[in-house]
Amino acid sequence: MEQQFQSLTIFDFQAKFPDERSCLFYLSKLKWKDGYSCPRCGNTKYCNGDKEFNRQCTKCHYIASPTSGTLFHKVKFSLLKAFYIVYYVSTNRKGISSTELSRKLGLRQKTCWMFKQKVMNGMKSSGQFKITGKAEVDETVVGGQEEGVRGRKNNKKKLVVFAIERKGKGVSRVYGKVIPKSSAKELGSFMKATIGSDTEIKADEWTGYTPLKKDFNNLYQVPSGKKGENFPDLHRVIMGFKGWLRGMHHQVDHLQGYIDEYCYRFNRNKIKEGIFDNLLLRMVKAKPLPYKLYYLSA
Ligand SMILES: [Zn+2]
């Protein structure tokens, strides 16, 4: 039974992916596992393309590679190293910093950082599994004084709203989002995306939550208590996130990606096996994002 919950070992990984070709082959299997369809004209018939694993449309002759149209599109280093990054990010219990990746793989730290942002993009919530049963919602400030990294210039702060699903005595699911302000509109849009409308939701007495009672029938408000004592589970999750972030990333830029990574890992805590495959599949199915976007986004 125990075997079942073990993650892919480095030996399994190396046996499965000895070279570039094995990675390309694996991506092609994932990409077309539900069949081929030409991204340009939608035709479902293809012939072999110019290179192994490429597929050429029989109608418009467009050639698709296993990486085109995925988060592996135009990666500027070997695909094998890209797979190693996905492997380390997905199997390390607490994730891995770009500095550590750089050391392990002999790539520049910035190169690792940028590709890791893509991996984190694959960790974004699918929005398919909303919180049901019992939920708690609260906002917190990340950065600024709170981070308390001495001697480091760190004046920026960001507001984050978190929601948890409570099951039994524990927390079964976590979502979080960077919001510009804690207005009913911002809180509401996050809550509608992550929490079922019949869920029993506990929030504090902040006026931003009050108008949302029309969308959530079972939303009730209680005083937050000293240091959030009425929201012990949620506050434990928030403390956990902040502690993890401190060891990983010393600023609040690109915060949403780190929230996504934290929630992804948290929500999958009990199903370690398959996490590498799951993440690869998400990266193949996600739309490619130009690196530039990350410099502009939250
Ligand atoms: Zn076509």
Side-chain angles (χ1 to χ4, degrees), residues 6-31 53 65-126 244-251 253-269 271-295 297:
Q6 275 177 6
S7 56
L8 190 67
T9 68
I10 188 81
F11 300 106
D12 299 336
F13 175 82
Q14 285 170 338
K16 206 170 172 181
F17 303 107
D19 52 24
E20 204 73 4
R21 188 179 176 274
S22 53
C23 299
L24 261 183
F25 173 62
Y26 200 74
L27 276 191
S28 74
K29 278 209 308 188
L30 280 181
K31 180 169 175 170
F53 308 125
S65 74
T67 57
S68 65
T70 77
L71 290 176
F72 291 95
H73 189 58
K74 287 190 177 161
V75 166
K76 292 181 183 67
F77 48 91
S78 85
L79 192 57
L80 185 58
K81 288 192 178 184
F83 267 49
Y84 267 93
I85 293 181
V86 179
Y87 174 78
Y88 286 127
V89 172
S90 66
T91 54
N92 277 16
R93 204 167 63 84
K94 294 192 163 181
I96 185 164
S97 69
S98 50
T99 315
E100 186 66 8
L101 285 172
S102 157
R103 201 182 60 75
K104 280 183 189 289
L105 299 172
L107 294 167
R108 285 165 59 227
Q109 185 265 335
K110 199 180 169 196
T111 306
C112 292
W113 184 86
M114 288 199 291
F115 186 72
K116 201 188 147 202
Q117 297 297 307
K118 294 192 171 193
V119 181
M120 287 156 76
N121 194 266
M123 291 174 151
K124 235 187 223 167
S125 161
S126 61
W244 171 78
L245 187 70
R246 239 171 260 139
M248 188 62 64
H249 183 66
H250 306 285
Q251 44 172 323
D253 296 331
H254 313 285
L255 186 58
Q256 187 62 51
Y258 291 91
I259 296 170
D260 292 341
E261 179 179 353
Y262 188 80
C263 294
Y264 176 86
R265 199 168 278 118
F266 189 104
N267 296 345
R268 244 154 252 280
N269 197 22
I271 35 168
K272 285 265 167 45
E273 115 267 26
I275 191 167
F276 172 76
D277 279 323
N278 175 274
L279 192 50
L280 270 190
L281 183 63
R282 281 161 162 254
M283 292 181 70
V284 167
K285 296 289 176 195
K287 292 272 164 292
L289 273 173
Y291 282 130
K292 259 189 212 157
L293 260 183
Y294 292 106
Y295 296 108
S297 69

Next item on the list: Apply side chain to side chain contact (heavy atoms under 4.5 Å, CB included) to the pair Ile10 and Tyr88, showing each step before the final yes or no.
Entry: CA-CA 9 Å; Ile10 188 81; Tyr88 286 127; 4.0 Å; yes
Item checked: side chain to side chain contact (heavy atoms under 4.5 Å, CB included) between Leu79 and Leu27, worked out -> CA-CA 10 Å; Leu79 192 57; Leu27 276 191; 4.0 Å; yes
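Residues Leu255 and Leu245 have side chains in contact (heavy-atom distance under 4.5 Å, counting atoms from C-beta outward). In this structure the side chain of Phe115 reaches within 4.5 angstrom of the side chain of Phe72, judged on heavy atoms.
By the 6.0 Å contact criterion, CZ on Phe17 is enclosed, its count of non-hydrogen atoms from other residues, nucleotides or ligands being greater than 12.
Of all non-hydrogen atoms in Cys23 and Leu80, the two that sit nearest each other are SG-CD1, 3.7 Å. Residues Phe276 and Phe83 come closest through the heavy atom pair CE1-O, 3.8 Å. Scanning both residues, Glu261 and Val89, for their nearest heavy atoms gives OE2-CG1, 4.1 Å. Considering every non-hydrogen atom in both Lys104 and Ile96, the closest pair reads CE-CD1, 3.8 Å. Summarising the geometry of Asp260 relative to Met120, their closest heavy-atom pair is CB-O, 4.3 Å, with the distance given to 0.1 Å. Nearest heavy-atom pair, Ala82 versus Val75, reported as atom, atom and distance to 0.1 Å: CB-CG1, 4.4 Å.
Atom CD1 of Ile275 is separated from atom OH of Tyr87 by 11.5 Å, given to the nearest 0.5 angstrom. The CE atom of Met114 sits 5.0 Å away from the NZ atom of Lys110 when rounded to the nearest 0.5 Å. Note that OH of Tyr258 is 4.5 Å distant from NZ of Lys116, once rounded to the nearest 0.5 Å. Note that the NZ atom of Lys285 and the CG atom of Leu30 stand 8.0 Å from one another [nearest 0.5 Å]. For the atom pair CH2 of Trp244 and CD1 of Ile259, the computed distance is 9.5 Å after rounding to the nearest 0.5 Å.
A donor and an acceptor atom, one from each side chain of Gln117 and Asn121, are nowhere located under 3.5 Å apart. Side-chain contact check for Tyr264 and Asn278: at least one donor-acceptor pair (N or O, by modelled atom type) lies under 3.5 Å.
Residues forming a salt bridge (charged side-chain N to carboxylate O under 4.0 Å, His left out) with Lys81 (at least two apart in sequence, or on another chain): none. In terms of the side-chain contact (heavy atoms from CB on, under 4.5 Å) criterion, residue partners of Lys16 (sequence neighbours excluded) are, by chain and number, Tyr26, Asp277. Evaluation of the side-chain contact (heavy atoms from CB on, under 4.5 Å) rule for Gln109 yields Ser98, Thr99, Ser102, Trp113 as partners, not counting sequence neighbours. Every residue two or more places apart in sequence or in another chain that forms a salt bridge (charged side-chain N to carboxylate O under 4.0 Å, His left out) with Glu100 is listed here: Arg103. Qualifying ring-ring contact (aromatic ring centres under 6.0 Å, His included) partners for Tyr84, counting only residues two or more places apart in sequence or in other chains: Phe13. Taking the side-chain contact (heavy atoms from CB on, under 4.5 Å) definition, one finds that Arg21 meets it with Asp19, Glu52, Phe53, sequence neighbours left out.
Checking side-chain atoms of Arg265 against main-chain N and O of Met123 turns up no donor-acceptor pair under 3.5 Å. A donor-acceptor pair under 3.5 Å is absent between the side-chain atoms of Lys31 and the main chain of Gly69, judged by distance alone.
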